[in-house]
Amino acid sequence: MKKILLTGALGQIGSEFTLKLREIYGTDNVVATDIRETESEVVTGGPFEKLDVTDGDKMMDIAKRHNVDTVIHLAALLSATAEAKPLLAWNINMGGLVNALETAKELDCKFFTPSSIGAFGPLTPKNETPQDTIMRPTTMYGVNKVSGELLADYYHQKSGVDTRGVRFPGLISYVAPPGGGTTDYAVEIYYEAIKNGKYTSYIGEGTYMDMMYMPDALNAVIDLMEADPAKLKHRNAFNVTAMSIAPEDVAKEIQKHIPSFTLDYNVDPVRQGIAESWPNAIDASAAKEEWGFKAEYDLAKMTADMLEKLKEK
Ligand code: VAH
C-alpha cells in the first residue's frame, strides 16, 4: 500500500483508521473521503474529498486524480439503521461497494472492505462459528455483507482484483462513537459510566456477541493488507475476534474501576432480535494461520484503556 483512498473516513472505523494510516504511510498518501465534511483532523489534517459512494464517476475521478494504489472501502449503513431503511441500505451498501470494486479494478488497486459477524444468520453454529459455514442472514445488513463477500471474491476470481476482507465483530473505540449499530451498547456503556455512573442496556442480559477493541481491528486490516497473498486461502471475510461478551460482563469489568457503576436493561426488540440472529463466539483460526492475526486487548485491558482515554476526553 502506497497511496490509499479511504471511504467512510468520518465513520467509527474511518475516524481512527485515517489518522493511523497517515502516521504509517505519510499524511499526503491517505486520501480521506466521506459524504459529510467536518472540522475533524481527518478533514483538516490531510487530503480530503467529499464523496457520496453511490456516485461512481466521482469516486473514479478522485482515485485517478490522486493516483491511488489501494482502496479501503468503509462507507456503509450499519445493522440497525439498515433494518430501519432497507432499500437505502441496499443502495448505499451494495451500490457503494460495486463502485469501489470497479474503481479498484480499473486502476489495478489493492482492495479492502469489511464484512461482519452480521453476515451469519440463525442457522449458523452459534459457538466456535467456523470460517466456512452456512450463511443465511435474516437482516438487510447481513444480506449486504454476505453479498459483499461474494462480490469481492468474484472481482478477484474474474478480474484479478487483489480483494481482501475480514468479518469484524462489534468494534469498541473512544475516538468516534458508532452510529446505527447493534453492538453500539458496548461503546455507549463506557461513555455513560464516565458521565452518569450508570447505563441502561438495550441488549438483554446474557446476550453474547463477539467484540474487539479498535486498535486490534486497525492492526488486523494492516496485517492482512501487508500479508503475502500466496498464503491467503480465505482472501475475503476472515473471521476475526478478541472476546465474546454480554452486557453484564462489561459492567463487572467497569465496576473494578467505578465500584458504584450500575447496569439495568430496557431491551429494544429490534436490536435484540438482530443480536440473537448472530453468533455468540466465532472461530478466528483461519486468520491466525494464514496471516498471523492476533488481538492484544481482552475485556480487562480494553476496559482500563477505554475508561482512561474517555476520562481524558
Ligand atoms: C453493527 N457494529 O452493530 C456493527 C457491526 C458486528 C456488528 O457490524 O451493525
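Note that the structure is a prediction, hence the values are computed from the model and not measured. Scope of the values below: all heavy atoms of this structure, side chains included, with no hydrogens, waters or symmetry mates.
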Hydrophobic cluster membership, Tyr185 vs Ile194, 4.5 Å side-chain cutoff
yes

Within a strict 4.5 Å, meaning less than it, do heavy atoms of the Val30 and Pro47 side chains meet?
no

Parallel, tilted or perpendicular, judged at 30° and 60°: which one describes the rings of Tyr141 and Trp278?
tilted

Are any of the side-chain heavy atoms of Ile189 and Ser201 separated by less than 4.5 Å?
no

Rounded at 0.5 Å granularity, tell me how far CD1 in Ile72 sits from CG in Leu5.
9.0 Å

Judged by atom type as modelled, is there a donor-acceptor pair below 3.5 Å linking the side chain of Asp216 to the main-chain atoms of Glu296?
yes

So, does Lys145 use its side chain to make a donor-acceptor pair with the main chain of Ile117 at under 3.5 Å?
no

Look only at the side chain of Asp55 and the backbone of Asp52, and say whether a donor-acceptor pair between them is shorter than 3.5 Å.
no

In terms of side-chain geometry, is the basic nitrogen of Glu49 or Arg65 positioned less than 4.0 Å from the acidic oxygen of its partner?
yes

For Phe261, does its backbone N or O pair with a side-chain atom of Gln255 as donor and acceptor, under 3.5 Å?
yes

If the plane angle is over 60° it's perpendicular, under 30° parallel, otherwise tilted; pick one for Tyr174 and Tyr213.
tilted

Looking at residues at least two apart in the chain, or sitting in another chain, which of them share a side chain to side chain donor-acceptor pair (under 3.5 Å) with Glu102?
Tyr155

Look at Arg235 together with Asp162 and state whether they make a salt bridge at an N to O cut-off of under 4.0 Å.
yes

Non-hydrogen atoms of Thr70 and Met225 that approach each other most closely
CG2-CE, 4.0 Å

Any donor-acceptor pair under 3.5 Å linking the side-chain atoms of Thr182 with those of Ser79?
yes

Is it possible for you to check whether Arg164 lies under 6.0 Å from the centre of the six-membered ring of Phe112, through NZ or CZ, and within 45° of that ring's axis?
no

Any Glu188 side-chain heavy atom under 4.5 Å of Tyr202 side chain:
yes

Can Asn219 and Lys20 be counted as having a side-chain donor-acceptor contact under 3.5 angstrom?
yes

Quick one: do Ile35 and Met59 end up in the same hydrophobic cluster if we chain Ile, Leu, Val, Met, Phe, Trp and Tyr together by side-chain heavy atoms under 4.5 Å apart?
no

With the side chain counted from C-beta on, respond yes when Thr33 and Lys50 share a heavy-atom pair under 4.5 Å apart, and no when they do not.
no

Assess whether atom CD of Glu39 is packed by more than 12 heavy atoms of other residues, nucleotides or ligands within 6.0 Å.
no

Without swapping roles, check the side chain of Thr124 against the backbone of Phe120 for a donor-acceptor pair under 3.5 Å.
no

Specify whether Phe293 and Trp291 have parallel, tilted or perpendicular ring planes, treating 30° as the upper limit for parallel and 60° as the lower limit for perpendicular.
tilted

Any donor-acceptor N/O pair, Thr207 side chain to Gly204 backbone, under 3.5 Å
yes

Side-chain heavy atoms nearer than 4.5 Å, only ILVMFWY residues, links allowed to pass through others: does that put Phe17 and Met214 together?
yes

Salt-bridged, Glu253 to Lys256, with N to O below 4.0 Å?
yes

For the student: nearest non-hydrogen atoms of Val42 and Ala32, plus distance
CG1-CB, 3.8 Å

Side chains of Thr7 and His73: any donor to acceptor distance under 3.5 Å?
yes

Measure from the side-chain N and O atoms of Asn280 to the backbone N and O of Met209, and report whether any donor-acceptor pair falls under 3.5 Å.
no

For Asp210 and Ser244, which I'm curious about, is there any donor-acceptor pair between the side chains at under 3.5 Å?
no

Val161, Met1: one ILVMFWY side-chain cluster at the under-4.5 Å cut-off?
no

Do the side chains of Thr133 and Pro125 get nearer than 4.5 Å, heavy atoms only?
yes

Do Ser285 and Gln131 meet the criterion of a side-chain donor-acceptor pair at a distance under 3.5 Å?
no

